Novice: 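First the structure, which I've put down as C-alpha cells, then a few questions once you've had a look.
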Amino acid sequence: MNLTMTVITITIGLSVILATVSFWLPQMTPDHEKLSPYECGFDPLGSARLPFSLRFFLVAILFLLFDLEIALLLPLPWGDQLMSPTLTLIWAVIVLALLTLGLIYEWTQGGLEWAE
C-alpha cells in the first residue's frame with residue numbers, strides 16, 4: 001500500500017509540475033500565420049467549390065497505411081515467445097513484402113509525385 005501511494009504521489013506531483021512549466025514557459029508571440037486556420041493545404045476561408053489536388057489525399061492515405069504497418073508489426077518482439085516463432089516471422093515477412101510491393105507499384109505509377 002505504501003509503494004502504491006508513493007507512485008501515485010510522484011505521478012500527480014510530476015504531472016502538476018510539467019503542466020505548470022508548460023503553461024508558463026512558452027513565449028506567447030502570436031502572429032497572423034500562427035493564428036490562421038490550416039486545413040489540407042488550401043485556404044479554408046475561400047470558396048468551397050475550388051478544385052484541389054487529390055495527390056495530397058493519396059499521400060496522406062499512403063502515410064496512414066505505412067503508419068498502420070508499424071502498428072501491426074509492434075507486437076512482433078513478443079511473438080518470439082510463442083510456441084512457433086517462425087510462423088510469426090513468416091506472417092511479418094508477408095506483411096512487409098506486401099507493403100513493399102505496394103510502395104514499389106505506387107512509386108512506378110507516379111503516385112508519390114507532388115508535381116506533374
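Note that this is a predicted model, so its numbers are computed, not measured.
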Novice: Show me the side-chain donor-acceptor pairs of residues 8-20 shorter than 3.5 Å, one per line, residues at least two apart or across chains.
Specialist:
residue : atom : partner : partner atom : Å
T9      : OG1  : M5      : O            : 2.7
T11     : OG1  : V7      : O            : 2.7
S15     : OG   : T11     : O            : 2.8
T20     : OG1  : V16     : O            : 2.7

Novice: A60: which residues meet the side-chain contact (heavy atoms from CB on, under 4.5 Å) condition with it, sequence neighbours left out?
Specialist: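 So A60 forms no side-chain contact (heavy atoms from CB on, under 4.5 Å) with any residue.
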Novice: What's the spacing between D67 CG and I61 CD1 if we round to 0.5 Å?
Specialist: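 Result: 13.5 Å between the selected atoms.
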Novice: Output a table of donor-acceptor pairs, distance under 3.5 Å, between side-chain atoms of residues 101-109 and any protein atom two or more places apart or on a different chain; print 'none' if there are none.
Specialist:
residue : atom : partner : partner atom : Å
T108    : OG1  : I104    : O            : 3.1
T108    : OG1  : Y105    : O            : 3.0

Novice: Kindly write out the residues that satisfy side-chain contact (heavy atoms from CB on, under 4.5 Å) with I90, not counting sequence neighbours, or none if the list is empty.
Specialist: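 Counting only residues at least two positions away or on another chain, I90 forms a side-chain contact (heavy atoms from CB on, under 4.5 Å) with I94.
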Novice: Could you tell me which residues satisfy side-chain contact (heavy atoms from CB on, under 4.5 Å) with L87, sequence neighbours excluded, listed by chain and number?
Specialist: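 With neighbours one apart ignored, the set is S84, W91.
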